[in-house]
Amino acid sequence: MGQISLEMPVQYVKGVGPARAKQLAALGIETVEDLLLYFPRRFDMRRQVQPIETLGGDEPAATVAGEVKDTSQQRFGRRPYFQCTLDDETGWVTVKWFHGGYLSDRIKTGMFLAVSGKVSVYKEAIQFINPGFQVLWEPEETDLSRDELLPVYPVAAKLTSGVIAKIVQNVLPEARSLIADWFDRPFLAKRGLLPRAKAVAAMHRPEDTEHWSQARRRMAYDECILMQLGIAMTRMRQVSRPAYPLPNSPQIDKRIRRRFPFKLTDAQDRAVAEIAADLGRDRPTNRLLQGDVGSGKTVVA
């Protein structure tokens, strides 16, 4: 892949290419930075893999991995389902997905899968029904010896969550060198925030749910900072632009007051005087800039 940068088109990331780059563009992912900031919508737990021969048939949650030996589409009453047989050399197990016809294009004989879900028995055969699954493109290099949180990404068309996860994994090791932090270490330590590069990495591959929560907190903090900076810049632009003054006069004030069927209170008189003074200026009032943003105070700091 060579040297990469945040601005590099995602097409040149390992595992992408021109056709897949168009699919990613439909998701708003056009650069490496877009890819790193395209976060999972949730995580599924893949438990530590166990040999198929150890399944009892009544496990509430289990994970096995093996080679797909065959696939077929069947029907149970009126319910169609897609089925495959998984073999890990210690035994085999049937895996079924009801209304899973779409999987015929994704799961093929000879592939390696890890499936996770509830285990049951049907006609003395152990089976998984509608389990979560992960395609193991490099089974020899995939660590299945511990529980792991697997990212589930928003997808479109033929681009699956597993494919996106694999592409992200190809650039994630570079995140620490690519992503510069916005704050110094004392600032982060005072507020208990993760460094930005570590937070981005943890949004994709957290160690546990607490690690993910810390990453989300840092990304939310950054979003709040950007929002407040944007508001401040908008206000500054408004203040710097000339305005047409609308001067008041005793005659104008008298004419306007005649339209009210009641006498204004002292508080209303003060408010009218402030508004009239602002309208008489040749630039918008600076009053809004005297709040938290203008004084350097932020809600999230």
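FYI, the numbering just counts along the sequence from 1.
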So does Pro131 get a backbone contact from the side chain of Trp97, meaning a donor-acceptor N/O pair under 3.5 Å? yes
Taking atom CG of Asp88 and atom CD of Glu53, what is their separation to the nearest 0.5 Å? 7.5 Å
So which atom in Pro151 and which in Ala165 form the shortest heavy-atom distance, rounded to 0.1 Å? CG-CB, 4.2 Å
To the nearest 0.5 Å, atom CG of Asp87 lies from atom CD of Glu89 at 7.0 Å
Begin from the C-alpha positions of His204 and Phe39 and carry the test ring-ring contact (aromatic ring centres under 6.0 Å, His included) through to its verdict. CA-CA 6 Å; His204 294 281; Phe39 299 135; 5.4 Å; yes
Please tell me whether Ile179 and Leu35 are part of a single hydrophobic cluster in this structure, the criterion being side-chain heavy atoms less than 4.5 Å apart. yes
For Asp147 versus Gln48, what's the shortest heavy-atom pair and its separation? OD1-N, 2.7 Å
For residues 114-125, pull every pair meeting salt bridge (charged side-chain N to carboxylate O under 4.0 Å, His left out), keeping only residues two or more places apart or in separate chains. none
What about Val49 and Trp92, same hydrophobic cluster or not, with Ile/Leu/Val/Met/Phe/Trp/Tyr joined at side-chain heavy-atom distances under 4.5 Å? no
Hydrophobic clustering (ILVMFWY, side-chain heavy atoms < 4.5 Å, transitive) - are Tyr153 and Trp137 grouped together? no
If you look at every heavy atom in Asp143 and Arg46, which pair is closest and at what distance? O-NH2, 3.2 Å
Are the side chain of Thr94 and the backbone of Gln127 linked by a donor-acceptor contact shorter than 3.5 Å? no
Is there a donor-acceptor contact under 3.5 Å from the side chain of Asn248 to the main chain of Ala276? no
How many angstroms lie between CG in Leu226 and CH2 in Trp182, if you round to the nearest 0.5 Å? 4.0 Å
Looking at side-chain heavy atoms only, is the closest gap between Phe133 and Phe128 below 4.5 Å? no
Have a look at Ile29 and tell me which of Leu159, Val10, Ile167, Leu37 forms a side-chain contact (heavy atoms from CB on, under 4.5 Å) with it. Val10
If only atom types and distance count, is the side chain of Gln268 paired as donor or acceptor with the main-chain N or O of Thr265 below 3.5 Å? yes
Please name the pair of heavy atoms, one in Leu194 and one in Arg218, separated by the smallest distance, quoted to 0.1 Å. O-NH1, 2.7 Å
Note: Arg270-Asp266 ion pair, threshold 4.0 Å (strictly below): no
Min side-chain heavy-atom separation Thr109-Glu67 under 4.5 Å: no
What I'd like to find out is whether the side chain of Val64 reaches to under 4.5 Å of the side chain of Gln50, using heavy atoms alone. yes
Is there a donor-acceptor pair under 3.5 Å between the side chain of Asn130 and the backbone N or O of Phe98? yes
Taking the side chain as every heavy atom from C-beta outward, state whether Lys96 and Tyr122 have any pair of such atoms under 4.5 Å apart. yes
Is Leu113 linked to Leu150 within one hydrophobic cluster, defined over Ile, Leu, Val, Met, Phe, Trp and Tyr using a side-chain heavy-atom separation of less than 4.5 Å? no
Do Glu33 and Thr31 have side-chain atoms, one donor and one acceptor, less than 3.5 Å apart? no
Check whether Leu136 and Ile107 end up in the same hydrophobic cluster, where Ile, Leu, Val, Met, Phe, Trp and Tyr are linked by side-chain heavy atoms less than 4.5 Å apart. no
In terms of side-chain geometry, is the basic nitrogen of Asp44 or Arg42 positioned less than 4.0 Å from the acidic oxygen of its partner? yes
Scanning both residues in full, the closest heavy-atom pair of Met203 with Pro40 reads O-CD, 3.2 Å
Ignoring hydrogens and angles, tell me if any N or O in the side chain of Thr63 forms a donor-acceptor pair with the backbone of Ser116 under 3.5 Å. no
Does Arg217 make a cation-pi contact with Tyr221 (under 6.0 Å, within 45 degrees of the axis)? no
